[in-house]
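Because the structure is predicted, anything quoted here is derived from the model rather than measured. The analysis underlying the following values was restricted to heavy atoms, covering all of them including side chains, and did not include hydrogens, waters or symmetry mates.
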Amino acid sequence: MIIRKEQPQDYEAIRRVNEEAFKGTVEADLIQNIRKSDYYQPGLSLVAETEDGLIVGYIMFSEISLETSGRSRFILALAPLAVLPEFQGRRVGSSLMEEGIRLSREKAYPAIAVLGHADYYPRFGFIPSNQFGIPAPFDVPSEYFMLLELYDGSLENLAGTIHYPAAFSEDN
């Protein structure tokens, strides 16, 4: 399995992976909206590819803002993470997560936010955002909106409110 940055020629395969993994077009449409926005980070959109060139997984990290008292910081949103159903359970998602976290640290972002399964993301160090004094920006149970500090203490004194860009709520 090869983990690499997405390329424009991958877009159709990425769409297929997301449509099959999520049984619909919402996430695939979200990806297109983010790509058209100023918050898109092409170096943080990754594919998992088999040795024979089949794209079987995808992960995207894009910028969102954390508004604290008197200042705004960019952090990253993880959305979506998708793996073709027949490749799930083979560490494809974990490999994408690990490489995405590594690259996010390299780019010196303080944290990653995710709205996701409370039994999956903690294995990578994500904890509920309210433990940092940062409430979920959506009406969801607190255990589903999580943050990962990319450096020890990188969210200290950054309690505030997360704002997602319009790309996350646009319809195509």
Euclidean distance, Leu30 CG relative to Arg35 CZ, rounded to 0.5 Å: 10.0 Å
Applying side chain to side chain contact (heavy atoms under 4.5 Å, CB included), run through Ile162 and Leu147 and close with a yes or a no. CA-CA 11 Å; Ile162 290 178; Leu147 290 168; 4.0 Å; yes
Is any side-chain N of the basic residue among Glu63 and Lys107 closer than 4.0 Å to the acidic one's carboxylate O? no
Linking I/L/V/M/F/W/Y whenever any side-chain heavy atoms sit under 4.5 Å apart, do Phe22 and Phe138 land together? no
Distance in Å, Ser154 OG paired with Tyr109 OH, rounded so as to fall on 0.5 Å steps: 13.5 Å
Is Tyr121 atom OH crowded by more than 12 heavy atoms from other residues, nucleotides or ligands, each under 6.0 Å away? yes
Of the non-hydrogen atoms in Ser95 and Ile3, which two are nearest, and what is the gap between them? CB-CD1, 4.0 Å
Does some side-chain heavy atom of Phe87 sit less than 4.5 Å from a side-chain heavy atom of Thr50? yes
Taking all non-hydrogen atoms of both residues into account, name the closest pair between Gly133 and Ala159 and its distance. O-CB, 3.5 Å
So Met60 and Glu27, do their side chains get closer than 4.5 Å, heavy atoms only? no
CG of Leu150 to CD of Glu106: how many Å apart, nearest 0.5 Å? 11.5 Å
Flag the pair Arg102 and Glu99 as a salt bridge only when some basic side-chain nitrogen lies within less than 4.0 angstrom of an acidic carboxylate oxygen. yes
Ala118 and Pro122 have their tightest heavy-atom pair at O-CG, 3.0 Å
Above 12 or not: heavy atoms from other molecules or residues under 6.0 Å from OH of Tyr144? no
For His163, I'd like to know if atom NE2 has over 12 heavy atoms of other residues, nucleotides or ligands within 6.0 Å. yes
Any donor-acceptor pair under 3.5 Å linking the side-chain atoms of Ser72 with those of Glu67? yes
Could you check whether any side-chain N or O of Glu6 sits under 3.5 Å from a backbone N or O of Ser45, counting only pairs where one atom can act as donor and the other as acceptor? no
Sub-4.5 Å side-chain heavy-atom contact between Ile64 and Pro165: yes
Do Val26 and Phe168 land in one hydrophobic cluster if side-chain heavy atoms of ILVMFWY residues count as linked below 4.5 Å? no
Is there a donor-acceptor pair closer than 3.5 Å between any side-chain N or O of Gln88 and the backbone N or O of Val83? yes
Is it true that a side-chain atom of Arg73 and a backbone atom of Leu66 form a donor plus acceptor pair closer than 3.5 Å? no
Do other residues, nucleotides or ligands put more than 12 heavy atoms under 6.0 Å from Asp139 CG? no
Minimum heavy-atom separation for Ile134 to Leu158, with atom names? CD1-O, 3.8 Å
Phe145 and Tyr164 aromatic ring geometry - parallel, tilted or perpendicular at 30°/60° bounds: perpendicular
Is it possible for you to say whether Ile55 and Ile2 belong to one hydrophobic cluster, with membership spreading through side-chain heavy-atom contacts below 4.5 Å? no
Applying a strict under-4.5 Å side-chain criterion to I, L, V, M, F, W and Y, I'd like to know whether Leu54 and Leu96 cluster together. yes
From CA spacing to verdict: side chain to side chain contact (heavy atoms under 4.5 Å, CB included), Leu148, Leu78: CA-CA 10 Å; Leu148 170 66; Leu78 187 176; over 6 Å; no
Working for side chain to side chain contact (heavy atoms under 4.5 Å, CB included), residues Leu46 and Lys5: CA-CA 4 Å; Leu46 309 173; Lys5 294 174 183 157; 3.9 Å; yes
Mind checking the CD-CZ spacing from Gln32 to Arg15? Nearest 0.5 Å is all I need. 4.5 Å
Above 12 or not: heavy atoms from other molecules or residues under 6.0 Å from CD of Glu12? no
Quick one: which of Ile112, Leu81, Ile75 gives a side chain to side chain contact (heavy atoms under 4.5 Å, CB included) with Phe61? Ile112
Ser94 side chain vs Arg91 backbone, donor-acceptor pair below 3.5 Å: no
Rounded distance [0.5 Å steps], CD1 in Ile31 versus OH in Tyr40: 10.0 Å
Which atoms form the tightest heavy-atom contact between Ser129 and Ala136, and what is the distance? OG-N, 3.8 Å
Supply the atom-to-atom distance Asn18 CG to Leu84 CG, rounded to the nearest 0.5 angstrom. 9.0 Å
Tell me whether Met1 is reachable from Leu103 by hopping between hydrophobic residues (I, L, V, M, F, W, Y) whose side-chain heavy atoms are closer than 4.5 Å. yes
Taking all atoms of both residues into account, what is the closest heavy-atom pair of Gly160 and Pro135, and its distance? O-CD, 3.2 Å
With side chain to side chain contact (heavy atoms under 4.5 Å, CB included) as the criterion, how do Ile59 and Met97 come out once you've worked through the C-alpha distance, each side chain's angles and the decisive distance to 0.1 Å? CA-CA 7 Å; Ile59 194 167; Met97 283 290 301; 3.6 Å; yes
Apply ring-ring contact (aromatic ring centres under 6.0 Å, His included) to Phe124 and list each qualifying residue two or more places apart in sequence or on a separate chain. Tyr120
